[in-house]
*Asks:* 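Handing you a structure now.
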Number of protein chains: 2
Amino acid sequence: MLDAGEELFAERGFEATRLEDIALRVGIRRASLVYYYPDKRRLYDAVLARVLGDLHARLEEALASEAPLPARIEAAVSAWVEFVGRRPALARILLREAAAAPQRRPALAVHTQAFTALVQRHVLDRPEFRRERLAPIDPVHVASTVVGSTVFLVAAMPALLPGGRHEPLGKAQLAAHEEEMLRVVRRLLGY
Amino acid sequence: MLDAGEELFAERGFEATRLEDIALRVGIRRASLVYYYPDKRRLYDAVLARVLGDLHARLEEALASEAPLPARIEAAVSAWVEFVGRRPALARILLREAAAAPQRRPALAVHTQAFTALVQRHVLDRPEFRRERLAPIDPVHVASTVVGSTVFLVAAMPALLPGGRHEPLGKAQLAAHEEEMLRVVRRLLGY
DNA sequence: GTCTATAGAGAGATAGAC
DNA sequence: GTCTATCTCTCTATAGAC
């Protein structure tokens, strides 16, 4: 049910997705959805909460290890790329949320806070981080670059490749992208 | 009229945008829109055609100059960043189109062709390009990185910055991003 | 060109049986 | 839990006056 919603909301957007289609994919009728979620918006919220929760858990795992700081950051970037590569619906959902005017994304706002807190706790607040000689770059800019190029690649690129082969993106391309992201982060963080 | 459509389609998406709102912004009534565009989809197509046409013209200007190849490529990247920075609605529209499942973006398909042809003609087909010692990287990947990180930054970042200041993105941040994109392109193209 | 008025379709939400 | 049936609303599209 959340699976069906995740896929359809991602591919069509909230407004264009019909509850009928979600129900059909699950194998029940539209009215039966109400038994689980009182309305469309709450179903969407549940989809968003689940996928972002999963991502959050994965990133926390990478960031909270015992390894030194640069290795932990790189592990988080790798985890991110791998996670999105395996779950392209997240890429599409983030693209759509990013496209919406800021005042039109109340659902996402709650979650972004959790991610900034995560980075704050495991990176920015750490004494090792303060000792790093950083390039004079806004960390939000770094995050935006990594997130933006990854989601765009995962969502848009398969269709642009010759041969008509779509999802999922090839392993080689994903690995190349991961390398590229690591390079960007290393340079921006100045180590 | 195209201005109003561009902004609203960008911020809300095609489905969620009401013709009523577009008409209101123009200062006429909904039914009067029909005099110019027979239906909603054609208005959207016209919006897309205009903004992508403008971008195409700007990029062609940058790519068709007499300068040597690396300089022309860099000019195109700079033109791209500057163009999107001044027209954030394009960023949002591209984000939405990228998010849509491939088979659900007939409108964009026509235009992407024009851009790949542009690159083909002014870059890939040039003998100078063939002589370059390139990193073994897919040019589509390069384009995806530049486009994706820029549109995401322009659309999403203003809201993430402290102070509640939204659009447009500050000049300093845009300039920093442009530098970053140039660096990525230079490295990926191997010069 | 722009309007008012209305038709018509589609979709979410609700009621209540089984 | 899942269904059928229906209500209600919103929005696009159309007709036709000015």
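So you know, we letter chains A, B, ... as the sequences are listed, proteins then strands, and number each from 1. When reading the values below, keep in mind they use all heavy atoms of this one structure, side chains included, and skip hydrogens, waters and symmetry mates.
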*Asks:* Taking the side chain from B:Arg72 and the backbone from B:His122, do they hold a donor-acceptor pair closer than 3.5 Å?
*Replies:* yes
*Asks:* Taking B:Arg92 for the side chain and A:Ala100 for the main chain, is one N or O donor matched with an acceptor at less than 3.5 Å?
*Replies:*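 Pair found, side chain donor or acceptor close to backbone of A:Ala100.
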*Asks:* If I take atom CZ in residue A:Arg41 and atom P in nucleotide C:dA11, what distance separates them, rounded to the nearest angstrom?
*Replies:* 17 Å
*Asks:* Kindly indicate, with the supporting measurements, whether the criterion side-chain contact (heavy atoms from CB on, under 4.5 Å) is fulfilled by A:Leu182 and A:Glu179.
*Replies:* CA-CA 5 Å; A:Leu182 288 173; A:Glu179 265 313 309; 4.0 Å; yes
*Asks:* Please report the distance, rounded to the nearest Å, between CD in A:Glu20 and C1' in C:dA13.
*Replies:*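 The answer, rounded to whole Å, is 14 Å.
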*Asks:* Establish, with yes or no, whether the OP1 or OP2 oxygen of C:dT2 is under 4.0 angstrom from a side-chain nitrogen or oxygen of B:Tyr35.
*Replies:*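 Looking at the OP1 and OP2 atoms of C:dT2, neither is under 4.0 Å from any side-chain N or O of B:Tyr35.
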*Asks:* Measure CG/A:Asp21 against C1'/C:dA11 and give the value in whole Å, please.
*Replies:* 11 Å
*Asks:* Is there a side-chain contact between B:Arg18 and the phosphate of D:dT10, meaning an N or O under 4.0 Å from OP1 or OP2?
*Replies:* no
*Asks:* State which of C:dA15, C:dT4, C:dA13 makes the closest approach to the side chain of A:Lys40.
*Replies:*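 The nucleotide sitting nearest to the side chain is C:dA13.
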*Asks:* Between D:dT2 atom P and A:Leu19 atom CG, what is the distance in whole Å?
*Replies:* 16 Å
*Asks:* Where the side chain of A:Arg30 is defined as all heavy atoms beyond and including C-beta, which of D:dT12, D:dC3, C:dG12 is the nearest nucleotide?
*Replies:* C:dG12
*Asks:* Hey, does the Lys NZ or Arg CZ of B:Arg41 hover above the aromatic six-ring of B:Phe14, less than 6.0 Å from the centre and inside 45° of the axis?
*Replies:*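 Positive - B:Arg41 is close enough to the ring of B:Phe14 and near enough to its axis.
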*Asks:* Which nucleotide in the set C:dC3, C:dT14, C:dA13 lies at the smallest distance from any side-chain heavy atom of A:Val34?
*Replies:*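 Of all the options, the side chain of A:Val34 is nearest to C:dT14.
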*Asks:* Grab the CZ-P distance between A:Arg29 and D:dA5 for me, whole Å please.
*Replies:* 10 Å
*Asks:* Do B:Ser78 side-chain atoms and B:Ala75 backbone N/O form a donor-acceptor pair below 3.5 Å?
*Replies:*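 Checked: no pair found.
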*Asks:* Of the nucleotides D:dA5, D:dT14, D:dT2, which has the atom closest to the B:Ala31 side chain?
*Replies:* D:dT14
*Asks:* Does C:dC3 have OP1 or OP2 under 4.0 Å away from a side-chain N or O of B:Ser32?
*Replies:*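 For B:Ser32, the contact criterion (side-chain N or O under 4.0 Å from OP1 or OP2 of C:dC3) is met.
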*Asks:* Mind calculating the distance between CG (B:Leu43) and P (D:dA13) to the nearest angstrom?
*Replies:*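 Rounding to the nearest Å, CG of B:Leu43 and P of D:dA13 are 10 Å apart.
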*Asks:* To the nearest Å, how far apart are A:Ile28 CD1 and D:dT2 P?
*Replies:* 6 Å
*Asks:* Within this structure, what is the CG-to-P distance between B:Leu24 and C:dC3, rounded to whole angstrom?
*Replies:*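 Nearest whole value for this atom pair: 11 Å.
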